[in-house]
Amino acid sequence: MKNISRRDFIKGIAAGAAGIAGYGLVSNISVPAHAEAAEPDESVNPSWLGDAPVITDTDISETWDTDLLIVGAGNGGMVAAAKAADLGLNFRIIEQMSIVADSRDFFGAVNSRYTLEAGSKVDYARLLGELSRYASGKCDQRVIKVWMDESADMIDYIAGILDQYGYDVVFEPDTGVETSGTQYYCSPQQHTASARPDSEYAGKGRNQLLQDYIEKKGYSIDFSTGLVELIKDGGAVVGAIAQSGSKYIRINAKAVILSTGGYAGNPEMMMARNPLASKLMAVNFNYIPNRGQGQKAALWAGAAMDTEPAAMMFDRGAIKPGVDAGYVQDENGNCILGR
């Protein structure tokens, strides 16, 4: 990540490589769907997906041209924006909300310099096996390996930025093995960022710091601008249609990074795509704006979705007999706790 060039950054995205490894993988949909994936039945779309919106040229109010479009100013999108800014790329980053997304407090890295200095080297093979077990085998180990191979460089990159804001990366070697009560492999990989006493940016989230970082380099985030659909030319994605208020914007781009989060904020999609999690849900800590728009846009463009889901579930809830669990919507359509 430290030595990647401008050309390689764009080339890596367009070729389907991992342009950035870090806070969750940054999805890229700038190539056709995986050749090994089964062809979806296009005769009818499920209700949660619906049909792609029909936006005509007469509906377009503005047109933007850029080399790189980043969709989503969250944990993945903001790191992508920081690296793109370092490379001096011509890019735009859009975000459906009016502020950057909340920062993930903890982030994992395998055998970072902080880990090795603490004498807590991660067993690579055991961790790969443990993460596969945790996902019940419903995972692509190649994707996990990308993170495992590049996460240490990611930590070094982020640490260099955070240092400019008076923050230190802190490694937490206590994996809880003594109290876990299991034989599972709890690898030492957890890192956090802590503000130094003299930092004038104390209390700021990492994504807020990254926003300031790219703004000082002359870039900005297009807030209140949400993804509507991706634009294709033949088999390749060449941009997107976005919406800001009542106007539609066509964004022509050589490469597109989707970093739009999941779909835990969409009850219908959750119950259709991950019914077991929906039935067992006792407490829901989803990020409300995560309604699956990125996944929908990708599917409309021809991407393939995993046939089986693998949810992160912590068995720490208790429901009284006769009380319904699962996803419940409030009057605004937001997911709330089980009732």
Restricting to side chain to side chain contact (heavy atoms under 4.5 Å, CB included), what partner residues turn up for [X], sequence neighbours left out?
X      : value
Asn252 : Thr63, Asp65, Arg250
Val169 : Tyr114, Ile155, Ala159, Leu162, His191
Gln243 : Val228, Tyr248

Using every non-hydrogen atom in the two residues, find where [X] and [Y] come nearest and quote the distance to one decimal.
X      : Y      : answer
Ala298 : Leu258 : CB-CD1, 4.1 Å
Ala152 : Ser112 : CB-CA, 3.8 Å
Ser259 : Gly77  : OG-N, 2.9 Å
Pro188 : Val122 : O-CG2, 3.3 Å
Ser103 : Asn207 : OG-N, 2.8 Å

Over 12 foreign heavy atoms within 6.0 Å of [atom1], [X]:
X      : atom1 : value
Lys217 : NZ    : yes
Leu116 : CG    : yes
Asp57  : CG    : no

Determine yes or no for a side-chain-to-main-chain donor-acceptor pair under 3.5 angstrom, with [X] supplying the side chain and [Y] the backbone.
X      : Y      : answer
Tyr165 : Ala202 : no
Tyr167 : Tyr201 : yes
Trp147 : Ala109 : no
Glu95  : Ala73  : yes
Ser151 : Val110 : yes

Can you tell me how far apart [atom1] ([X]) and [atom2] ([Y]) are? Round to the nearest 0.5 Å.
X      : Y      : atom1 : atom2 : result
Gln96  : Asp222 : CD    : CG    : 14.0 Å
Arg273 : Glu268 : CZ    : CD    : 13.0 Å
Asp105 : Asp102 : CG    : CG    : 9.0 Å
Ser199 : Lys204 : OG    : NZ    : 10.5 Å
Asn290 : Asn266 : CG    : CG    : 10.5 Å
Ile221 : Ile214 : CD1   : CD1   : 4.5 Å

Minimum side-chain heavy-atom gap [X]-[Y] below 4.5 Å:
X      : Y      : value
Trp64  : Arg92  : yes
Thr192 : Glu172 : yes
Ser98  : Ser224 : yes
Glu130 : Ser187 : no
Ile60  : Lys247 : no
Ile94  : Leu69  : yes
Asp168 : Arg196 : yes
Ile257 : Ile93  : no

Same apolar cluster: [X] and [Y], side chain cutoff 4.5 Å:
X      : Y      : value
Leu89  : Ile161 : yes
Val238 : Leu299 : no
Met305 : Leu49  : yes
Ile144 : Leu127 : yes
Ile70  : Ile231 : no

Practice task
Sorted by first residue and then second, give each ring pair (Phe, Tyr, Trp, His ring centres under 6.0 Å) pair with at least one member in residues 203-233; sequence neighbours left out.
Solution key: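 Every ring pair (Phe, Tyr, Trp, His ring centres under 6.0 Å) pair that includes a residue of residues 203-233, provided the two are not neighbours, is Phe91-Tyr219.
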Problem - side-chain hydrogen bond (donor to acceptor under 3.5 Å, both in side chains): pairs with one or both residues in residues 292-307, sequence neighbours excluded - result: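 Of all non-adjacent pairs touching residues 292-307, none passes side-chain hydrogen bond (donor to acceptor under 3.5 Å, both in side chains).
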Problem - Verdict with supporting geometry, Asn75 and Arg206, side chain to side chain donor-acceptor pair (under 3.5 Å) - result: CA-CA 8 Å; Asn75 293 316; Arg206 185 180 60 254; 3.2 Å; yes
Practice task
List the steps and the verdict of side chain to side chain contact (heavy atoms under 4.5 Å, CB included) for Ile249 and Ser244.
Solution key: CA-CA 8 Å; Ile249 305 165; Ser244 180; 4.1 Å; yes
Exercise for the section: Test Val256 against Leu230 for side chain to side chain contact (heavy atoms under 4.5 Å, CB included), laying out the working first. Expected result: CA-CA 9 Å; Val256 177; Leu230 297 169; 4.2 Å; yes
Exercise for the section: Show your working on side chain to side chain contact (heavy atoms under 4.5 Å, CB included) between Phe171 and Ser120 and close with a plain yes or no. Expected result: CA-CA 10 Å; Phe171 168 63; Ser120 301; 3.9 Å; yes
Handout entry: Gln141-Ser132 side chain donor-acceptor pair, cut-off 3.5 Å
Key =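 There is such a pair between these side chains.
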Exercise for the section: Apply the test side chain to side chain contact (heavy atoms under 4.5 Å, CB included) to residues Thr56 and Asp59: give CA-CA distance (whole Å), side-chain angles for both, the deciding distance (0.1 Å), then the verdict. Expected result: CA-CA 5 Å; Thr56 66; Asp59 297 321; 3.0 Å; yes
Problem - For Lys138, salt bridge (charged side-chain N to carboxylate O under 4.0 Å, His left out) partners two or more places apart - result: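 Result, salt bridge (charged side-chain N to carboxylate O under 4.0 Å, His left out) vs Lys138: Glu308.
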Problem - Test log, rule side chain to side chain donor-acceptor pair (under 3.5 Å), inputs Tyr124 and Asn111 - result: CA-CA 9 Å; Tyr124 189 100; Asn111 293 332; over 6 Å; no
Handout entry: cation_pi(Arg291, Tyr263) dist<6.0 Å, angle<=45
Key =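 No, Arg291 does not lie over the aromatic ring of Tyr263.
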